[in-house]
Amino acid sequence: RSGSLEKLESDRRLVRIKNACKLQTFAKAVVQRHKFCTMKLVVVRLQSLWRLKIIRRDYKEKIRSIVIIYCWAKCVLVRIKRQALRKNEASIQIQTSWRCFKHR
């Protein structure tokens, strides 16, 4: 009997050790999985912030370009309009002079 009791105790101890190892492995896996998920969320958030920064920079650059083109086009239109006014003023001056000359 004493030999069989020791055999049962040793078997029980081995089962407990194996189960303890399995539990420890499972607990470590749960902790590692939690760390991984946390790190993944942080990395995804960081990537999204970086993409947002790049998109904002590109947007500001496009707006700056649009404003420059708009100002240039406005200057060209003002120049054209001023030239048309000068021609119109010159023709009015010529017509006025001709009318004065014609009446005399």
Show me the pairs that pass salt bridge (Lys or Arg N to Asp or Glu O under 4.0 Å) and involve residues 39-58, at least two apart or across chains.
none

Show every salt bridge (Lys or Arg N to Asp or Glu O under 4.0 Å) that has at least one partner inside residues 12-27, sequence neighbours left out.
E9-R12

State the CG-CH2 distance between L77 and W72, to the nearest 0.5 angstrom.
9.0 Å

Where do N88 and S91 come nearest, in terms of heavy atoms and distance?
O-OG, 2.7 Å

Where do H34 and T38 land on the side chain to side chain contact (heavy atoms under 4.5 Å, CB included) test, with the steps shown first?
CA-CA 6 Å; H34 180 68; T38 304; 3.9 Å; yes

